[in-house]
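Structure first, commentary second.
In what follows, chains carry the letters A, B, and so on, assigned in the order in which the sequence lines appear, proteins first and then strands, with residues in each chain numbered from 1.
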Number of protein chains: 2
Amino acid sequence: MSRGSETRDRIMDVAQDAILAKGFDATSIEEIVANAEITKSGFFYHFKDKNALAHALIERHIVIEDEIFDDLEARAKELSDDPLQRMLIGLKLLAELLDDIPDGHPGCIVATAAYQDRLFDKDVREANLRAVLGWRQRFKRQFEEIAKLYPPKEDVDLAALADMVSSTVEGGLVMSRALNNPAITSEQVMLLRSYVKLLFAPRMH
Amino acid sequence: MSRGSETRDRIMDVAQDAILAKGFDATSIEEIVANAEITKSGFFYHFKDKNALAHALIERHIVIEDEIFDDLEARAKELSDDPLQRMLIGLKLLAELLDDIPDGHPGCIVATAAYQDRLFDKDVREANLRAVLGWRQRFKRQFEEIAKLYPPKEDVDLAALADMVSSTVEGGLVMSRALNNPAITSEQVMLLRSYVKLLFAPRMH
DNA sequence: GGCAGTACTGTACCCGTGGTACAGTTTTTG
DNA sequence: CAAAAACTGTACCACGGGTACAGTACTGCC
């Protein structure tokens, strides 16, 4: 990796920390450059404006988030052959992961972008859209596999159910911020898990 | 109502429309005063700063939201005596309401405040917290009534379940913004309804 | 009718932040 | 060693939040 890329990454790391802690607007460029030990000119050498920074952060975030989900899926795959069990294990692991992350949760950036929509340009919104659609596809595929083996007890749209995973995390993050209680998000994921169980698991007596 | 209150309300109406459409930061005071047909000095006569505006909007919002929920509960009560049926009816009505609202959804303001947390002062955050805790109490009470009659099929914390109502709406709003699809929110509420049904409804063959 | 509030208007100004312009300097690389 | 990449430094502009304060127009009340 060249020197330029290192500096770029450092700027992004510093910016991400600040944005997760305070929000995009509340994070000034001056503050970023101070913490990244660079000058304002240096910042604008790497990013043409603040939008470009947001765009780069979201793109990077999509990759990391995808890796996390790949990892969760792989670990669940090791533990069970059954797609329903794998989903239940995956959701448990996700809940644990959300509990372990000390302060800044992943996923926030997407919601921040979604909520301050008009603040960002087309590029940023499109990247955001791509991320959310990617997650939908991922979970939809998993739910389709489950539904093949276990007919759902209610008539649900599997795409909407797939969105429910993202929606639960995002909603949980909003609530945990509002209630100032980081445990909320994993709690909500565990409720989603309970729903998936009731929806697909065969009745046992 | 005095002349002053009318102007104050007009400022708040104009501000709310703009904030729901573009976010708090993206809405400038200059823009608000132009649309409210008042001067900047007039604005600062009614609100000491932008924070005071946010605070007033959230306070007003809590009252309106409460009225909406009261109304939904009352309408559900007319249609059934059974607490579970009432909850299912209430959630259906909520989904319909979220579908009918053309563009700016209610509930946004709370999430906006939650997500741009550090932008607001203590007063605003406390008002926000009060709102969310109020909703938790409301739904918790309803779920407790249900659980008395219908033992839940999974061991769930009823407070967390109560939070799931708010969380679903907030998550749905984030997703609907990210996907640019207003139907998402009501979809998610209907999935929550399906969960409540599976969780409490007795098994019928 | 007059007078004290209340509800503003108008002007002028300060500061922080995003962003531009551009010349000069250092570092890396072929 | 030269060119390109990666910066630094300085100076500057526009916009938005916010202050200060003097003046003006309604409004209710004795």
What is the separation between atom [atom1] on [X] and atom [atom2] on [N], rounded to the nearest whole Å?
X: B:Glu31; N: D:dG16; atom1: CD; atom2: P; result: 9 Å
X: B:Asp25; N: C:dG16; atom1: CG; atom2: C1'; result: 14 Å
X: B:Asp49; N: C:dC15; atom1: CG; atom2: C1'; result: 16 Å
X: B:Glu30; N: D:dA14; atom1: CD; atom2: C1'; result: 12 Å
X: B:Leu53; N: D:dG16; atom1: CG; atom2: P; result: 16 Å
X: A:Phe43; N: D:dC7; atom1: CZ; atom2: P; result: 13 Å
X: A:Lys48; N: C:dA21; atom1: NZ; atom2: P; result: 13 Å
X: B:Ile29; N: C:dG16; atom1: CD1; atom2: P; result: 17 Å

Between B:Ser176 and B:Leu173, is there a donor-acceptor pair closer than 3.5 Å when you use the side chain of the first and the backbone of the second?
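Judged by distance alone, yes, a pair lies under 3.5 Å.
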
Would you say A:Lys140's side chain and A:Leu161's backbone share a donor-acceptor pair under 3.5 angstrom?
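Here the side-chain-to-backbone pair does not exist.
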
Side chain of B:Phe44 only, please: which of C:dG18, C:dG19, D:dG18 is the nearest?
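Comparing C:dG18, C:dG19, D:dG18 against the side chain of B:Phe44, the answer is D:dG18.
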
Just compare C:dT17, C:dA21, D:dG17 and give me whichever is closest to any side-chain atom of A:Ser41.
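The nucleotide sitting nearest to the side chain is C:dA21.
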
Tell me if the side-chain of A:Lys40 makes a donor-acceptor pair with the base of C:dG19, cut-off 3.5 Å, by modelled atom types.
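Side chain to base: pair present.
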
hbond_proxy A:Lys50 side chain to C:dG19 base (donor-acceptor, 3.5 Å cutoff)
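In this structure, the two groups form no donor-acceptor pair.
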
Parallel under 30°, tilted from 30 to 60°, perpendicular over 60°: which one fits the rings of B:Phe143 and B:Phe200?
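Rings of B:Phe143 and B:Phe200: parallel, under 30°.
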
Do A:Val169 and A:Leu94 have side-chain heavy atoms sitting under 4.5 Å apart?
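Heavy-atom side-chain distance check passes, below 4.5 Å.
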
Any side-chain N or O of [X] less than 4.0 Å from the OP1 or OP2 oxygen of [N]?
X: B:His46; N: C:dC8; answer: yes
X: A:Thr7; N: D:dC7; answer: yes
X: A:Tyr45; N: D:dA6; answer: yes

One thing to verify: whether B:Glu6 and B:Arg10 come together as a salt bridge, which I'm taking to mean a side-chain N less than 4.0 angstrom from a carboxylate O.
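Here B:Arg10 does not pair with B:Glu6 in a salt bridge, since their nearest N and O are not under 4.0 Å apart.
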
